Amino acid sequence: VDGQVRAIISALRARPNTLLTCEIVSATAATFHATSDSWVASVPVRLYVNEPAVPRRTQIDFHEVWWADVNEPYSLIKQLRFWAWSLSVWLYPGKVESVLPSASAVMPPTLPSRWRLLNQCWIRLRLLGVGFVAVLGAASIGLVTFLAERVLKLQYPDIVKTFVNYVAGVKLYNQKQRLGGGIPSKPDDFLDTIDEPPRVSIRRRMIRTLMTVAEEHYERWYVLAHSLGSVVAFNGLMETAYAWPGYFDLETWTRAKGGSSPFAGPAATAWPSPGPGDTLPRRPVWIPPREVAYRSQIFENLHGFLTFGCPLEKFAAIWPGRVPLSLEPAFRGGTEWLNVYDPTDPVSGVLKSFNGAPINCCPAPRNYGFASGPLLLLSHIQYLRASRTHTGLADGIGEWLLSGSSGRIGVGRGWFKPGSARHWARTGLAWVSWIFAVFLLAGAGALVLPPTWSVAREAECAIEHRLQTSGLRWVDTGCPRIPETTEPGTTGRSHA
Amino acid sequence: MTSLPLLGEARVLLYVSLALPIVVGVIARLGFFRLDADDARLHPESKLHRGTAQAHDPDPEPAYRTPWPSFELTPGPRAVELAAPIIRETQPAFVYRGFGADRDAVRTVVERVWNRLAADREIRSRWPLDWSGSAPYVLAGAQGAAGASATLTVTLRQNRDEAVLREIWQQEILPELRQEFGANHFQSG
């Protein structure tokens with residue numbers, strides 16, 4: 001939340017005559033595994049904004065959905081599993097749709113039929129390309145950093161660890177079980193999700209935060225989601241009313257049922273209710289059979305949903321069953337879904353498959369291209385960069401939060417429409433960058449790998465010779481044989 | 001390997017890098033990957049769920065009926081301070097002379113028709129358009145008073161999709177307006 005909010009604060013401060021105070025809301029205890037004890041789960045950051053043209057002071061609260069602790073602990077076996085997964089993900093089985101009875105309340109995202117198969121093949125081919133580049137990167141950058149640390153004792157940013165932990169979130173989201181360290185790895189599910197996939201834990205964080213925000217009764221509220229967080233946020237927004245109780249504890253649920261406009265209660269009489277085990281997560285044992293979340297009440301003041309660097313279209317092609325659209329009405333008319341992408345960010349993309357449901361069930365996404373950064377991959381984390389002309393995404397978000405108008409998102413320098421000339425120019429830039437990166441990594445690997453190989457080979461032969469002198473058998477790997485010594489008074493060595 | 005020149009080594013590395021994910025992928029697909037327990041392909045008898053999806057409304061008293069008011073930026077104190085012009089209105093698309101109906105009532109009907117169209121999947125698929133938000137038509141001009149001098153101007157709020165928005169107005173919205181208020185109020189001028 002620190003990185004994202006920092007950019008928005010800078011954008012708000014850049015507005016003429018706007019005064020702003022930022023508070024970090026302290027807590028008595030930190031969120032589990034949080035890096036700072038000031039990060040309370042409910043409202044970690046609060047802004048007060050004074051605008052000369054607006055008579056009242058605006059308060060903006062930022063809530064964070066924290067789920068880094070759900071990720072598996074970093075270990076050797078995690079790295080091995082990750083590399084096996086990342087090299088094979090292009091052939092990972094699709095998840096088309098579920099047969100759980102509650103699945104009748106959702107629909108998978110769909111492209112027009114003539115594009116569907118082509119799109120699936122294209123995305124799988126690109127994932128194969130990612131595996132290809134990952135191997136090249138490991139054989140060049142990975143090897144150099146490994147040797148620099150082990151041989152030269154140089155400290156460097158742990159690129160591999162960052163990469164593994166970051167992308168492993170995608171792997172985790174498709175895993176059936178959370179695993180711990182050690183070989184063989186033991187299941188390490190959280191107690192509240194035993195026998196359920198770890199993504200349930202992640203969605204729980206999202207849905208609980210949605211409820212927390214709704215309970216604050218803000219005048220307007222928004223969901224801002226980056227990267228894989230877009231999938232988590234989308235899942236949270238689309239989760240069916242009958243499945244919601246499974247994400248809560250009894251105390252919270254009881255509170256949600258209270259008040260003049262409750263957020264939960266008995267379902268409408270005409271509404272078909274599935275059985276207790278028909279949802280994922282399972283409904284708690286304390287819930288009455290027909291009780292549901294009133295999503296339309298919860299989302300009453302949700303004004304917009306912003307995704308940037310969003311991989312939802314990739315999920316829609318390979319795992320549409322993981323990102324279904326709700327068919328239960330819940331959103332007010334005028335609720336916006338804005339998607340910001342950059343062709344040089346391979347994670348992001350134009351959302352084309354999410355227009356199938358009625359807009360009060362799932363708002364149709366509006367796609368905006370944005371030149372977030374000049375470099376391939378790095379652009380994925382530069383969407384909220386500062387803009388000299390104050391027309392960046394952070395500036396647009398600032399306006400959206402303050403005035404309710406999304407009119408500054410998509411307008412100005414750096415913005416373009418899907419299919420426009422600039423869209424294709426940046427797509428071309430991305431492909432040129434990929435080709436350049438491949439040749440650069442191949443060249444670097446060709447420089448580093450042979451000498452490393454030679455050194456490793458010499459070490460292996462030295463070990464083999466030592467074993468030979470001890471009369472031990474060793475797999476013959478073609479090392480040059482040690483000549484027999486024929487000095488007087490010594491006996492010749494015999495190879496076992 | 002070390003005897004190869006740099007280009008040759010790079011080429012070998014490229015081949016290996018391409019072959020590795022292919023081999024690992026095929027092995028994983030054949031030997032390790034499993035479908036989810038609730039995957040439709042494992043339960044062909046349950047394919048009845050396909051195509052039967054329909055919208056449910058579990059809330060007894062849904063709160064989503066009231067649409068968000070339009071937060072489109074308009075000229076005013078807040079807009080003045082912005083660095084770039086961001087009003088997306090274009091030139092008036094339609095002008096009706098002799099307009100005598102209540103403009104607010106017309107606006108309400110336009111919103112109603114727009115929401116109905118936006119909620120209809122078949123209609124949305126017919127018009128290639130972003131359907132989110134309120135109706136992208138701005139109504140201005142004389143209000144209420146009947147007479148030859150009164151006019152209603154309709155401006156498109158989004159400058160993209162202009163042709164589509166014009167067509168929707170002509171084919172979907174205008175007929176309902178004429179039916180509701182009378183054709184005499186909507187004489188093109």
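Fair warning: this is a prediction, and the values are worked out from it, not measured in the lab.
Using a 4.5 Å heavy-atom cutoff, the side chains of A/Phe132 and B/Leu14 are in contact.
Checked against side-chain hydrogen bond (donor to acceptor under 3.5 Å, both in side chains), A/Trp400 has the following partners two or more places apart in sequence or in another chain: A/Glu336. Residues satisfying the ring-ring contact (aromatic ring centres under 6.0 Å, His included) criterion with A/Trp415, sequence neighbours excluded, are A/Phe370.
Contact of A/Ala264 with chain B is not made at all, since no heavy-atom distance falls under 4.5 Å. Looking at A/Arg295, the atoms closer than 4.5 Å to chain B (heavy atoms on both sides) all sit in the backbone: N, CA, C or O. Contact annotation for B/Ile22: both backbone and side-chain heavy atoms come within less than 4.5 Å of a heavy atom of chain A. Neither the backbone nor the side chain of A/Pro108 comes within less than 4.5 Å of any heavy atom of chain B. For B/Val26, the parts sitting under 4.5 Å from any heavy atom of chain A are the backbone and the side chain alike.
Residues A/Gly443 and B/Leu6 approach most closely at O-CD1, 4.5 Å, considering heavy atoms. Taking both residues in full, the closest heavy atoms of A/Ala446 and B/Ala10 are given as CB-N, 3.6 Å, listed atom of the first, atom of the second, then distance. Counting all heavy atoms, side chain and backbone alike, A/Gly131 lies closest to B/Pro21 at C-CG, 4.0 Å. When every heavy atom of B/Leu13 is checked against every heavy atom of A/Ala139, the shortest pair comes out as CD1-CB, 3.8 Å.
When the shell of 6.0 Å around CZ of A/Arg413 is examined, it contains 12 or fewer heavy atoms from other residues, nucleotides or ligands. By the 6.0 Å contact criterion, CZ on B/Arg11 is open, its count of non-hydrogen atoms from other residues, nucleotides or ligands being 12 or less.
When the candidates A/Ala267, A/Pro93, A/Pro266 are compared by the number of heavy-atom contacts under 4.5 Å with chain B, A/Pro93 comes out ahead. Chosen from A/Thr240, A/Leu302, A/Val133, the residue pairing most often with chain B at heavy-atom distances under 4.5 Å is A/Leu302. Ranking B/Val24, B/Val23, B/Leu7 against chain A, the residue ahead of the rest is B/Val24, based on heavy-atom pairs under 4.5 Å. If you tally non-hydrogen atom pairs under 4.5 Å between each of A/Asp395, A/Asn301, A/Ile298 and chain B, the highest count goes to A/Asn301. Chosen from A/Leu136, A/Val292, A/Asn174, the residue pairing most often with chain B at heavy-atom distances under 4.5 Å is A/Leu136.
Expressed to the nearest 0.5 Å, how far CG of B/Leu30 lies from CG of A/Leu91 amounts to 8.5 Å.
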